[in-house]
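Letters A, B, ... are given to chains in the order of the sequence lines, protein chains preceding strands, and every chain is numbered from 1.
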Number of protein chains: 2
Amino acid sequence: MNSIPMRELHPGAVPEMLALLGVCVDPGQKLPDMPLAERRIRAGQSLFFEGAPATSIYVVRAGTFKAFHTAEDGYEQVFGFARRGDLLGCDALSGDCHLMGTVALEDASVYVVALPDFYALAQSLPAFHRGVMRAVSGAMVDLTQLADMMAAVASEVRLARFLVHLSRRMSIGGQPSTFLHLLMTRRDIGSYLGVAHETISRSFAALAALRLVKVNQREVEILDLAGLQGFAQGTRTPVKASFGTAVAGLRPGRVLALAA
Amino acid sequence: MNSIPMRELHPGAVPEMLALLGVCVDPGQKLPDMPLAERRIRAGQSLFFEGAPATSIYVVRAGTFKAFHTAEDGYEQVFGFARRGDLLGCDALSGDCHLMGTVALEDASVYVVALPDFYALAQSLPAFHRGVMRAVSGAMVDLTQLADMMAAVASEVRLARFLVHLSRRMSIGGQPSTFLHLLMTRRDIGSYLGVAHETISRSFAALAALRLVKVNQREVEILDLAGLQGFAQGTRTPVKASFGTAVAGLRPGRVLALAA
DNA sequence: CGCGCGATTGAAGCGACTCAACGGCAGTGG
DNA sequence: CCACTGCCGTTGAGTCGCTTCAATCGCGCG
């Protein structure tokens, strides 16, 4: 139950972690050769539980995680998906325990940085500090974009924003970005976007009917990224519905059954 | 246009800023007496604009700010409200420019910390670093709670969560926490919670009809905080609607017109 | 092989959006 | 001093999309 699944020490892993955090450092610079604990998580396993005391922060090395919160009545609210280079556990720095749990959606690996080490490392290594601030700021941007997705009125627009978001995150990793392997269930996406999971299914069908994507279970291919981005622009009632300046024509307010 | 409204140097303001960030420091410890720029913002004025290059981060000393993003079609999405002790401008640390603008809802005052100074200060003063991490983590928690509010199905529940959230934030400042002076408009709240501003009006009326709050324009008095919190628990379909364990009885799924 | 879970699709009800009108308040300028 | 003009807040009525409940199908795993 409380046995740590797997843990090994990586001497000299600091450079890799800095690379994960997206900071460049002079090749000749002396780096503290602090050994870092690595922890491997199997798909479906939990990295840390909601309510657990904050002991460390984590840098995702491989795999994908889902961060969520479980209400008293059992409803599970998903707050985000973390991938390589993301920071996990920062929500506990302002309190004393984690406000959300984390499970791996696929086999994963993280660097575990104990809180004292974390502060010491940031103190002795400015590059690490900048990397952490970068990552934390990125997490805030992600949460902001989550609010932006949930702010969209139409569920198809929410899903379109989600797919564009995923595609963008993939592309900065250098990958194709038009083929998406969704590791989360429809229910997870629905919780993330604030709609029922059946609505996610229907929205996928709607986007597919518009020839914007091709969907087969969890395999999603973006057929028209520009069109999808235009579609994702749809917002709540603008100040003055300014058609005429529309980018390409695909800018639906509510009309989209015409393509069925 | 580009003239900074007001700016003065505060020698020895570092201790106050540390207090704002919620860190305790030994009274005898030597603090770098770095002069800090203070900037005063009048109500309705902007602290920084969306898209502006990131030059500094800001610590709110007094007043209230609204952070928002304006879409191409003019729709304004509100992402949060910042108060004393909050950090502003962190969203730009991962990119190079601000992703959202900030306006003061009342006369306000902030400490301006230029980015180089920011990193230098965090380097030389661990307490500042911890304070920043605390504040940043708190901002992430706020964004998480925003997602939580928007996840509620019923608009009255969203508003109830918002009021509970505000009350909690007030109470940590030591203030009464049952009287709320809303500085934002109904439209701002609606944008924040993802509903139309008319719905906010109606939801206020509904909560007032349930005797949970008393509302008069922007003056809100919480009559039954426990009841409001119970009401705010209402979520999307739980795994198994478990009545019987309800706290007090006020746990509505959809029924609330019965008290009109 | 059967069980359970995820995904899809259908049908029905209702709640929020939208458009609209009205009263109140503040700031402005004649 | 007082119209005038926005903006904010409230309330009403109608439409429509999402939720909810339900059934079905496919797939992986014990």
In whole Å, I'd like the distance from the CZ atom of Arg186(A) to the P atom of dT19(D).
16 Å
Rounded to the nearest Å, what distance is computed from the CD1 atom of residue Ile200(B) to the P atom of nucleotide dT18(C)?
14 Å
Partners passing side chain to side chain donor-acceptor pair (under 3.5 Å) against Glu76(A) (at least two apart in sequence or in another chain):
Lys66(A)
What does Gly190(A) touch in the nucleic acid at a heavy-atom separation under 4.0 angstrom: a base, only the sugar-phosphate, or nothing?
nothing
Classify every nucleotide of nucleotides 23-30 of chain D by which part a protein heavy atom approaches to under 4.0 Å, writing B for the base, S for the sugar-phosphate alone and - for neither, in 5'-to-3' order.
--------
Report the residues that fulfil side chain to side chain donor-acceptor pair (under 3.5 Å) with Glu106(A), sequence neighbours left out, ordered by chain and then residue number.
Thr64(A)
Could you tell me the separation between the NE2 atom of His197(B) and the C1' atom of dC19(C), rounded to a whole number of Å?
11 Å
Tell me: CZ of Arg187(B) to C1' of dG6(D), nearest whole Å?
13 Å
Without placing hydrogens or testing angles, list every side-chain donor-acceptor pair under 3.5 Å for residues 139-146 of chain A, not counting sequence neighbours.
unit_1: Asp142(A); atom_1: OD1; unit_2: Arg169(A); atom_2: NH1; d: 3.4
unit_1: Asp142(A); atom_1: OD2; unit_2: Arg169(A); atom_2: NH1; d: 2.9
unit_1: Thr144(A); atom_1: OG1; unit_2: Met140(A); atom_2: O; d: 2.9
unit_1: Gln145(A); atom_1: OE1; unit_2: His165(A); atom_2: ND1; d: 2.6

What is the distance, rounded to the nearest whole Å, between atom CZ of Phe204(A) and atom C1' of dT8(C)?
13 Å
What integer distance in Å separates Asn216(B):CG from dC25(C):P?
10 Å
Taking the ring centre of each residue, are Phe65(A) and Phe81(A) less than 6.0 Å apart?
no
Nearest whole angstrom, please: distance from the P of dT10(D) to the CG of Leu159(B).
11 Å
Centroid separation Phe48(A) to Tyr58(A) less than 6.0 Å
yes
Please report how far the helix from dC1(C)-dG30(D) to dG30(C)-dC1(D) bends, comparing the axis fitted to its first five pairs with the axis fitted to its last five, to the nearest 10 degrees.
40°
So how far is it from Ile189(A) CD1 to Arg187(A) CZ, rounded to the nearest 0.5 Å?
12.0 Å
Grab the two heavy atoms, one from Ala104(B) and one from Arg42(B), that are nearest each other, plus how far apart they are.
CB-O, 3.8 Å
Nucleotide N/O of nucleotides 9-13 of chain C paired with protein N/O under 3.5 Å:
unit_1: dG10(C); atom_1: N7; unit_2: Arg202(A); atom_2: NH1; d: 3.1
unit_1: dG10(C); atom_1: O6; unit_2: Arg202(A); atom_2: NH2; d: 3.2

Among Leu180(A), Leu207(A), Val164(A), Leu166(A), side-chain contact (heavy atoms from CB on, under 4.5 Å) partner for Ile222(A)
Leu180(A)
Exactly one of Glu50(A), Gln77(A), His98(A) clears side-chain hydrogen bond (donor to acceptor under 3.5 Å, both in side chains) with His69(A), and that residue is Glu50(A)
Verify the distance criterion only: is there a donor paired with an acceptor across the side chains of Ser203(B) and Ser155(B) at less than 3.5 Å?
yes
Separation of atom CZ in Arg42(B) from atom P in dG27(C), rounded to whole Å:
13 Å
Short N-O contact, Arg40(A) and Asp107(A), less than 4.0 angstrom:
no
Minimum-distance nucleotide (side-chain atoms of Glu156(A) versus dT19(D), dC17(C), dC18(D))
dC18(D)
